[in-house]
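Mind looking over this structure? Questions follow.
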Amino acid sequence: MKQSLTDKLFLVTLKPYYPKEECHLKETANNEKYILHSVETALSVMDLFFTYEELSPSDVTRYLGINRSTAFRFLVTLEQSGYIVKTENSKYRLSVKVSTLGQIAHNRMELIGLIHPHLCRISEATGESSHLVIMDNPTHVTFVDKSIGSLWLKMDILLGYTQYAHLTATGKSILAYESDQFINQYIRSAVFEQHTPYSIKDAKELLNILDKVKTDGYSSDNEETEIGLSCYAVPILSFSGRPVAAISSSGPTTRMLANKEKHLEVLHNAAEQIQKGLQ
């Protein structure tokens with residue numbers, strides 16, 4: 001069943017309480033049923049490269065206790081996926097792709113570390129929840145950090161939640177500052193599904209809204225994903241003007257509309273300070 005944003009409200013309040021030991025056992029039992037053992041084995045093969053610079057199928061067989069043909073298939077699969085490369089002596093070593101992933105993770109953690117104090121200040125100033133969102137694939141944004149508001153009926157989106165960019169205020173803030181080529185590719189790939197009567201209906205409407213976002217300097221989600229919930233967002237731009245991320249303030253529509261100017265002032269001030277920190 002599709003989980004709506006409303007379902008994500010009051011997650012802390014609705015989470016059942018278990019003693020620490022019982023909670024750990026329940027989580028372990030629940031997680032076990034979702035584990036794909038083939039993926040688990042493939043990751044175990046990758047873990048060997050922390051210790052050994054190069055590995056052959058025979059090495060993997062010896063260290064993991066799996067048969068040689070299975071070890072060979074895992075190595076070939078990882079090679080085809082670009083995570084390892086085959087050497088001249090028919091052994092395997094990590095590829096540059098793994099280093100690139102590590103750098104991406106490092107940069108992302110640095111970004112979160114830089115921006116999180118500003119999210120806290122946004123929530124303190126407005127009472128509403130604030131979020132940090134990035135767009136690391138051609139169509140979806142990902143919520144990577146948050147600060148929960150103090151007011152009643154607060155918005156709490158799970159970290160890691162993804163959504164089409166045009167369905168979120170943060171996504172529209174990022175899209176508006178992307179290149180025409182990126183936006184055109186987005187339009188070809190995105191699905192314009194009507195979540196509410198206010199959802200963006202098609203590419204033409206989206207393009208008009210993106211023009212307005214660049215003119216106004218902020219974007220809105222006016223109940224476009226969930227009736228009763230609204231959001232304002234501003235982009236975080238690099239020195240070259242490229243969108244790095246977006247920050248937002250979200251809450252019940254009535255409160256957001258009543259305090260719109262305050263939200264925008266706080267968001268713009270935070271974005272200005274964050275952008276100075278990026279330079």
Side-chain angles (χ1 to χ4, degrees), residues 1-14 119 122-123 126-149 151-178 183 186-214 216-236 243 245-260 263-264 267:
M1 180 182 295
K2 186 174 180 180
Q3 189 180 32
S4 69
L5 289 180
T6 303
D7 295 328
K8 299 178 180 69
L9 297 176
F10 299 108
L11 292 176
V12 176
T13 305
L14 296 177
L119 296 184
I122 292 169
S123 292
T126 65
E128 306 290 0
S129 296
S130 58
H131 295 89
L132 168 64
V133 171
I134 61 172
M135 189 168 185
D136 54 0
N137 79 47
T139 57
H140 284 66
V141 292
T142 303
F143 289 73
V144 295
D145 197 19
K146 63 184 177 181
S147 177
I148 304 303
L151 297 176
W152 181 78
L153 192 57
K154 61 199 69 175
M155 190 166 178
D156 185 3
I157 297 178
L158 292 173
L159 295 185
Y161 173 74
T162 63
Q163 182 59 276
Y164 276 112
H166 70 274
L167 287 171
T168 69
T170 45
K172 283 177 281 189
S173 275
I174 293 172
L175 278 177
Y177 290 85
E178 287 286 4
I183 295 171
Y186 179 87
I187 288 171
R188 288 194 292 269
S189 304
V191 176
F192 291 90
E193 181 181 355
Q194 293 298 112
H195 289 256
T196 77
Y198 309 109
S199 300
I200 294 175
K201 297 176 179 61
D202 52 37
K204 181 179 179 181
E205 183 180 0
L206 174 60
L207 291 173
N208 290 334
I209 288 174
L210 295 183
D211 285 341
K212 190 174 189 306
V213 170
K214 291 198 75 171
D216 296 342
Y218 74 93
S219 58
S220 304
D221 171 359
N222 297 313
E223 302 187 340
E224 295 163 43
T225 305
E226 198 76 31
I227 295 296
L229 299 179
S230 293
C231 176
Y232 303 119
V234 297
I236 303 299
I247 55 174
S248 67
S249 185
S250 310
T253 297
T254 51
R255 284 206 310 250
M256 296 301 293
L257 288 175
N259 298 285
K260 180 178 178 179
H263 284 288
L264 294 179
L267 286 169

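Index from 1, following the sequence.
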Quiz item: Could you walk me through whether T196 and T225 pass the side-chain contact (heavy atoms from CB on, under 4.5 Å) check?
Solution: CA-CA 6 Å; T196 77; T225 305; 5.7 Å; no
Quiz prompt | For H131 against S250, the heavy-atom pair lying closest together | solution =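 It is ND1-OG, 4.1 Å.
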Quiz item: Who are the side-chain hydrogen bond (donor to acceptor under 3.5 Å, both in side chains) partners of S248, not counting sequence neighbours?
Solution: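 Residues passing side-chain hydrogen bond (donor to acceptor under 3.5 Å, both in side chains) with S248: none at all.
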Quiz item: In this structure, are over 12 heavy atoms from other groups packed under 6.0 Å from K212 atom NZ?
Solution: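 Result for NZ/K212: open.
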Distance-only donor-acceptor pairs under 3.5 Å for side chains of residues 167-178, two or more places apart:
unit_1	atom_1	unit_2	atom_2	d
T168	OG1	A165	O	3.2
T168	OG1	T170	OG1	3.4
T168	OG1	G171	N	2.8
K172	NZ	S220	O	2.6
K172	NZ	E224	OE1	2.7
K172	NZ	E224	OE2	3.1
S173	OG	S219	OG	2.7
S173	OG	A233	O	3.2

Practice problem: Write down the atom of E128, the atom of P252, and the distance for their closest heavy-atom approach. | Solution: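 Taking every non-hydrogen atom into account, OE1-CD, 3.9 Å.
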Quiz item: Below 4.5 Å, heavy atoms only, C-beta onward: do K214 and L210 meet side chain to side chain?
Solution: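 Of all side-chain heavy-atom pairs linking L210 with K214, none is under 4.5 Å.
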Quiz prompt | Residues that N222 engages under side-chain hydrogen bond (donor to acceptor under 3.5 Å, both in side chains), provided they are two or more places apart | solution =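 For N222, no residue satisfies side-chain hydrogen bond (donor to acceptor under 3.5 Å, both in side chains) once neighbours in sequence are set aside.
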Quiz prompt | Audit row: L158, F143, side-chain contact (heavy atoms from CB on, under 4.5 Å) steps and yes/no | solution = CA-CA 8 Å; L158 292 173; F143 289 73; over 6 Å; no
Quiz prompt | Inter-residue atom distance Y198.OH - D221.CG, 0.5 Å rounding | solution =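 That separation rounds to 12.5 Å.
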Self-check item: Residue pair N137, T162: steps toward the side-chain contact (heavy atoms from CB on, under 4.5 Å) verdict
Solution: CA-CA 10 Å; N137 79 47; T162 63; 6.0 Å; no
Practice problem: For S230 and T253, work out which heavy atoms get closest and say how close. | Solution: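 What the structure gives for the nearest pair is OG-OG1, 2.8 Å.
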Quiz prompt | Closest non-hydrogen atom pair between V133 and V141, with its separation | solution =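 Where V133 meets V141 most closely, the heavy atoms are CG1-CB, 3.3 Å.
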Exercise. Considering non-hydrogen atoms only, spot the tightest contact between V191 and H166 and give its length.
Key: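 So the minimum-distance heavy-atom pair works out to O-CE1, 3.4 Å.
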Exercise. Show your working on side-chain contact (heavy atoms from CB on, under 4.5 Å) between I157 and K146 and close with a plain yes or no.
Key: CA-CA 8 Å; I157 297 178; K146 63 184 177 181; 5.9 Å; no
Quiz prompt | Aromatic plane relationship, H140 with Y164 - under 30° parallel, 30 to 60° tilted, over 60° perpendicular | solution =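 Correct class here is tilted.
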Quiz item: Angle class for the Y218/Y232 ring planes (parallel below 30°, perpendicular above 60°, tilted otherwise)?
Solution: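 The rings of Y218 and Y232 stand perpendicular, inter-plane angle above 60°.
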Quiz item: Which heavy atom of M135 sits nearest a heavy atom of P138, and at what distance?
Solution: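 That closest heavy-atom pairing would be CE-O, 3.5 Å.
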